[in-house]
Trainee: 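One structure coming up, written as structure tokens, with questions to follow.
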Amino acid sequence: MLPELLRRLACDALEPGEPEELSQQILSAPEDPEFEWTQGDDAMAMACALQDALEEFAATSDKIDEAHEQIQEMFEDDFPGFPYEMFEGSRVDSKAYFSWLNTELAQRAVEEGGYEALTFETGADDKMTLFVVYRKDVERILELAAALGLRIVRPL
């Protein structure tokens with residue numbers, strides 16, 4: 001299950017054998033001294049290891065506009081900047097932002113059915129991690145994450 005989840009979170013961009021190798025690293029995270037700071041929280045250790053393993057396929061920040069900049073960098077063509085104008089004079093409404101973002105993402109990779117953003121919570125801090133995945137894979141990703149005890153959800 002974990003190798004399949006990794007493949008889908010990376011939009012099938014991992015090298016052959018890499019999902020299995022990364023899965024072993026993630027599953028062994030609770031015994032890894034690097035994650036000793038999780039103080040025996042195996043789920044948190046594995047979630048943080050997954051985040052580390054797929055960092056090039058995710059946008060992670062404690063600020064939504066900084067995470068958006070990372071999403072922009074994922075696309076070689078013109079991807080719109082953060083829509084500050086939507087929130088002039090008010091706090092950023094995350095529901096409105098993610099609705100806008102997913103509308104933009106749906107217009108990319110149309111041959112694959114478009115993209116959608118999912119949030120991943122490690123439980124370690126208040127940073128948000130966003131994965132941009134194929135829309136056609138969203139339900140399976142959510143199913144696999146739930147079965148593995150990982151908190152991957154639709155942000156809306």
Side-chain angles (χ1 to χ4, degrees), residues 1-80 82 94 97-98 101-156:
M1 275 194 290
L2 188 53
E4 179 185 357
L5 177 63
L6 298 176
R7 277 192 298 277
R8 290 177 188 266
L9 288 174
C11 294
D12 298 315
L14 296 173
E15 297 294 322
E18 196 174 8
E20 292 75 17
E21 181 182 318
L22 292 174
S23 293
Q24 288 305 313
Q25 292 173 10
I26 292 165
L27 293 172
S28 64
E31 291 82 37
D32 186 333
E34 181 181 343
F35 297 103
E36 199 171 90
W37 59 269
T38 61
Q39 299 177 354
D41 187 333
D42 293 355
M44 184 186 299
M46 290 190 299
C48 290
L50 186 152
Q51 182 181 41
D52 290 351
L54 294 182
E55 69 181 339
E56 70 182 286
F57 301 101
T60 301
S61 179
D62 58 348
K63 295 182 174 90
I64 199 165
D65 57 341
E66 289 177 4
H68 182 83
E69 287 176 15
Q70 293 173 41
I71 291 171
Q72 273 186 289
E73 291 172 9
M74 292 178 187
F75 295 93
E76 292 179 14
D77 60 347
D78 283 335
F79 193 84
F82 187 83
S94 61
Y97 168 72
F98 283 112
L101 176 63
N102 280 326
T103 298
E104 291 295 327
L105 291 172
Q107 298 172 39
R108 310 276 187 300
V110 291
E111 65 281 354
E112 295 291 338
Y115 290 114
E116 184 172 333
L118 297 177
T119 58
F120 174 54
E121 301 171 18
T122 63
D125 54 31
D126 62 353
K127 290 182 180 178
M128 74 176 74
T129 296
L130 302 173
F131 282 101
V132 175
V133 301
Y134 294 130
R135 285 181 179 272
K136 67 181 184 179
D137 290 339
V138 169
E139 292 304 322
R140 183 66 177 149
I141 288 169
L142 297 175
E143 180 182 302
L144 290 166
L148 292 164
L150 297 168
R151 293 176 286 203
I152 298 177
V153 297
R154 281 187 160 115
L156 300 176

Trainee: Sequence neighbours excluded, which residues qualify as side-chain hydrogen bond (donor to acceptor under 3.5 Å, both in side chains) partners of Asp12?
Mentor: none
Trainee: May I ask you to check whether over 12 heavy atoms, not counting those of Lys136, lie within 6.0 Å of atom NZ?
Mentor: yes
Trainee: How close do Ala29 and Ala45 get, counting heavy atoms only, and between which atoms?
Mentor: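 Scanning both residues completely, I find the closest heavy atoms to be CB-O, 3.5 Å.
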Trainee: Less than 4.5 Å apart, any side-chain heavy atom of Leu130 and any of Leu118?
Mentor: no
Trainee: How many angstroms lie between CE in Met128 and OG1 in Thr119, if you round to the nearest 0.5 Å?
Mentor: 8.5 Å
Trainee: State which residues pass side-chain contact (heavy atoms from CB on, under 4.5 Å) with Ala117; sequence neighbours excluded, sorted by chain then number.
Mentor: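 By the side-chain contact (heavy atoms from CB on, under 4.5 Å) rule, Ala117 matches Leu101, Asn102, Leu105.
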Trainee: Check side-chain contact (heavy atoms from CB on, under 4.5 Å) between Gln25 and all other residues, then give those that pass, not counting sequence neighbours.
Mentor: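 Checked Gln25 against side-chain contact (heavy atoms from CB on, under 4.5 Å); matches are Glu21, Leu22.
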Trainee: So do Phe35 and Ser28 actually touch side chain to side chain, heavy atoms under 4.5 Å?
Mentor: no
Trainee: With a 4.5 Å limit on heavy-atom distance, are the side chains of Leu14 and Leu54 in contact?
Mentor: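 Answer yes - side chains close enough.
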Trainee: Please report the interatomic distance CD(Gln70) to CD(Gln72), rounded to the nearest 0.5 Å.
Mentor: 11.0 Å
Trainee: Hey, could you give me the CE/CD distance between Met74 and Glu69, rounded to the nearest 0.5 Å?
Mentor: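 Interatomic distance, Met74 CE to Glu69 CD, rounded to 0.5 Å: 12.5 Å.
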Trainee: Please report, to 0.1 Å, the donor-acceptor pairs under 3.5 Å made by any side chain of residues 139-154, with sequence neighbours excluded.
Mentor:
unit_1	atom_1	unit_2	atom_2	d
Glu139	OE2	Arg154	NH1	2.7
Glu139	OE2	Arg154	NH2	3.2
Arg140	NE	Glu4	OE2	2.9
Arg140	NH1	Glu143	OE2	2.2
Arg140	NH2	Glu4	OE1	2.9
Arg151	NH2	Thr122	O	3.2
Arg154	NE	Glu116	OE2	2.8

Trainee: Partners of Glu55 by side-chain contact (heavy atoms from CB on, under 4.5 Å), sequence neighbours excluded?
Mentor: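 With neighbours one apart ignored, the set is empty.
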Trainee: Apply side-chain contact (heavy atoms from CB on, under 4.5 Å) to Asp65 and Tyr97, showing your working.
Mentor: CA-CA 10 Å; Asp65 57 341; Tyr97 168 72; over 6 Å; no
Trainee: Going from CG on Leu6 to CG on Leu50, what distance comes out if it is rounded to the nearest 0.5 angstrom?
Mentor: 5.5 Å
Trainee: Might you work through the side-chain contact (heavy atoms from CB on, under 4.5 Å) test for Leu9 and Phe120, ending with a clear yes or no?
Mentor: CA-CA 11 Å; Leu9 288 174; Phe120 174 54; over 6 Å; no
Trainee: Output a table of donor-acceptor pairs, distance under 3.5 Å, between side-chain atoms of residues 56-63 and any protein atom two or more places apart or on a different chain; print 'none' if there are none.
Mentor:
unit_1	atom_1	unit_2	atom_2	d
Thr60	OG1	Thr129	OG1	3.1
Ser61	OG	Lys63	N	3.0
Ser61	OG	Lys63	O	3.3
Ser61	OG	Glu66	OE1	3.0

Trainee: Please give me the minimum heavy-atom distance between Phe79 and Glu104, naming the atom from each residue.
Mentor: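 Looking at all heavy atoms of both residues, the closest pair is CZ-CB, 4.0 Å.
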Trainee: Using the test salt bridge (Lys or Arg N to Asp or Glu O under 4.0 Å), find all partners of Glu20 that sit at least two apart in sequence or belong to another chain.
Mentor: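 Result, salt bridge (Lys or Arg N to Asp or Glu O under 4.0 Å) vs Glu20: Arg7.
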Trainee: Whether the side chain of Gln51 engages the backbone of Cys48 through a donor-acceptor N/O pair (distance < 3.5 Å, no angle test) should be reported.
Mentor: no
Trainee: With rounding to the nearest 0.5 angstrom, report the CD1 to CZ distance, Ile71 to Phe131.
Mentor: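 Here the rounded value is 11.5 Å.
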Trainee: Applying ring-ring contact (aromatic ring centres under 6.0 Å, His included), name anything that partners Tyr134, two or more places apart in sequence or on another chain.
Mentor: Tyr115
Trainee: Applying salt bridge (charged side-chain N to carboxylate O under 4.0 Å, His left out), which residue pairs with at least one partner in residues 28-41 are found, sequence neighbours left out?
Mentor: none
Trainee: Within a 6.0 Å radius of atom CD on Gln107, are there more than 12 heavy atoms belonging to other residues, nucleotides or ligands?
Mentor: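 Yes, the 6.0 Å shell around CD holds more than 12 heavy atoms from other groups.
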